[in-house]
Structures are given as C-alpha cells and as structure tokens.
Amino acid sequence: MYEKSYYFIFIFILSLFSLAHTVHAEEEENNIYDERLSLYKKTEALTQIPWYYIAAIDQYERQIHKDLEDDQLISIQIPEEMWFGIGNSSFEKDVNIINMFNGKGKDGNDDRIADPNEPEDVLYTMANFILEYGQSEDDIMIGIWNFYKRDLAVHTIKNTAKVFKKFQDINLTDRDFPVAINYNYSYRNTWGDRRGFGGNRIHEGTDIFADYGTPVKSTTYGVVELKGWNLYGGWRIGIRDIYNIYHYYAHLSGYEEGVEVGQIVKPGDVLGKVGSTGYGPPGTSGKFPPHLHYGMYKDNGYSEWSFDPYPYLKKWERMAKQKRN
C-alpha cells in the first residue's frame, strides 16, 4: 500500500516538473521573439527601413543556414569580405578602419566597433546596405536582390514582410489541418509512391480523401503565390509561408470566393473545396476519387525540393482536435 502511495507521489512530482519545464521553455521562446522584435524596431528608428522588412530578411536567413543555435537571436550572415572590406586581412572591427577598406560593416550600438557577431551591428549594417538603394518598397526589393542575387529570395522576403506587417507580430506559430476535421476524411503516408500519369514520377505529397465539397483550409501564415489550372493537379493553389516553405493544394473542385494571388492568409482560412480535378485539360474531373493532394516544398536559398508532409499533418491534426475540444 505504501509502495503505491510513493509511486503516485513520484508520478505527481514528475508531472509537475514536466509542466514547469514546458512553461519555462514557452516563456523563453516568447522572450526571444520579443527581443528580436525590439531590435528590428530599433533598427527601423535608426534607418527608416520598416521593421517588417528587416524581420523578413532575418527570418529568411534563419531558414537557409544549417549551423545556427536554437536560441540564436539574429541569423543574418554578411560575408566577411563585404563586412570588413577587401584588404582588411586582419578583420579589424574599428569602424574607421573598415571604412578605409570600403567595408560595409556598421556600428549599431555606438561603441565604434562593427562586430559581425553583434546583433545590433548586423541589423544596422544590413539596413544600411538596403538604404543605399532607397527607401521605397521597390528600392528595398532592389537592395535585397543585390544582396542575394536570387529572385525567389526577394519574392519570399517580400511575402514574409507582408505577413509580419499585417499581423504586427513575428511570433506566428499557430497551425491548422488542411481539411475541416468535422467532415469525414482519411489519409496515410503516400509521399514517394509511384505515379503513372504524365510519365514515371513519384508522389510529392499526401493524399487526404474526403467527400466533394469538404472545406480546404490554409495550414499556415503566408501569401497566396499561385492559383489556377495544372495538368496534373487540376484546380490548385500554392501558398508560400514565413519559413521558406511552399504549400501546394491540388485537385480542388473550386476556390473560396475572394481568394486571389497575393492574398495574405492565416491558419484556418478556407481556400476552396475538395474535388477530383486534373489529369487533363482545364475542367477535367472524376478520373480518381475526390481528395486533397497536399505537398510541401522547402527552399534553402539555392534550390527547392519536396519533402514528406505526413508527420506535420499528424501534428496539425492533433492541434486542430485539441482546439475543437
């Protein structure tokens, strides 16, 4: 009897410890978002470059670098040669020496040192690089292109900035399941399966089977990047989120009224309805059972590739059911 009592006491203490650890982790995560946002807004005050563009650049770089610590405050990495200037082989951080060698490194915290490992200096340097091209949105996009030399980088950063501006926040971690969970649906892991139509290819997504007309929803915060007919996907829609991930919804029977390219969406926004369109010219339907094909594509700053969405769908399904309950 005493052994059972000790056992339950032990389990109770363990659960309290686990809860405290979770709360502490959530508080730390919120603190880092607050600290980042404060730095972005300070940089805006110094340079007049809107904070949401600076935040979007930092967010973009956070997704393309593999060597970042989980608690790293700022993720922007400026090449050493650009920061210190050609010829500054000893990497002197004194702003006067950097200027002498035509380096871009700037002092963002008034200590006369331009340190590429100091968050305020990094943000101030990046903002000043963009400022060389002007302050209008077009000027800012030109500055971003001249830094990355990649159209998709400019496009992704612009869309992320739009999301941050609309919601006035960077802590946008909510998610939803792509099919309304109060309808009947079923799915399994179909990523990588062979597909015959259109030649030998693999299935780049998960099929979620549901009845015609079942609402299809955005899983994330992002911007509608693509909408229209595709030979394979039928009526489809694509959303680029703030994590450099492209979300692809295919075989829709139709779109929700008002959904257009360039629109900002949030988790739970209805995009359209489940259908069976595709595998032919525009309007082709019924060549397979109604379902939503949901795909995810990751961009690492150099290339984009498909990855398995199934584990994420299982997680988002649990989250959606917990909210409903």
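Any value given below was found using the heavy atoms of this structure, including those in side chains, with hydrogens, waters and symmetry copies removed.
- Judged as a salt bridge (charged side-chain N to carboxylate O under 4.0 Å, His left out), the pairs with a partner in residues 262-281 (not counting sequence neighbours) are, in order, K266-D269.
- Applying the salt bridge (charged side-chain N to carboxylate O under 4.0 Å, His left out) test to every pair with at least one member in residues 71-96, sequence neighbours left out, gives these pairs: K93-D115.
- Taking the six-membered ring where the residue is Trp, Y294 and H247 present tilted rings, their angle falling between 30° and 60°.
- Listed for the N96 side chain is no donor-acceptor partner under 3.5 Å among the backbone atoms of N99.
- The hydrophobic cluster containing Y248 also includes L226, Y246, Y297, under a criterion of side-chain heavy atoms closer than 4.5 Å among ILVMFWY residues, counted directly or through chains of members.
- Within the structure, every pair that satisfies the ring-ring contact (aromatic ring centres under 6.0 Å, His included) test and touches residues 43-83, not counting sequence neighbours, is listed here: Y60-Y148.
- Looking only at distances, no side-chain donor or acceptor of T214 sits under 3.5 Å from a matching main-chain atom of A210.
- Clustering of Ile, Leu, Val, Met, Phe, Trp and Tyr side chains at separations under 4.5 Å leaves L68 isolated, with no partner residue.
- Tested against Y185 for a side chain to side chain contact (heavy atoms under 4.5 Å, CB included), the candidates L292, V274, I208 yield a single pass: I208.
- Connectivity analysis of hydrophobic side chains (ILVMFWY, heavy atoms under 4.5 Å, direct or indirect) links Y212 to nothing; its cluster partners are none.
- Sorted by first then second residue, the salt bridge (charged side-chain N to carboxylate O under 4.0 Å, His left out) pairs that include residues 101-114, not counting sequence neighbours, are K104-E132.
- A donor-acceptor distance shorter than 3.5 angstrom exists from the side chain of H251 to the backbone of T277, with no hydrogens or angles considered.
- For E304, the side chain to side chain donor-acceptor pair (under 3.5 Å) partners at least two apart in sequence or on another chain are R240.
- Note on residues 245-260: pairs passing salt bridge (charged side-chain N to carboxylate O under 4.0 Å, His left out), not counting sequence neighbours, are K227-E260.
- Across all non-hydrogen atoms, the minimal contact from K166 to I264 is CD-CG2, 3.5 Å.
- Y249 and H293 share no side-chain donor-acceptor pair at under 3.5 Å.
- A tilted orientation is assigned to the rings of F84 and F91, their planes being inclined by 30° to 60°.
- Qualifying side chain to side chain donor-acceptor pair (under 3.5 Å) partners for S285, counting only residues two or more places apart in sequence or in other chains: S276.
- With sequence neighbours left out, the side chain to side chain donor-acceptor pair (under 3.5 Å) criterion links K42 to E120.
- In this structure, F307 has its ring center under 6.0 Å from that of Y312.
- Taking the salt bridge (charged side-chain N to carboxylate O under 4.0 Å, His left out) definition, one finds that K321 meets it with E317, sequence neighbours left out.
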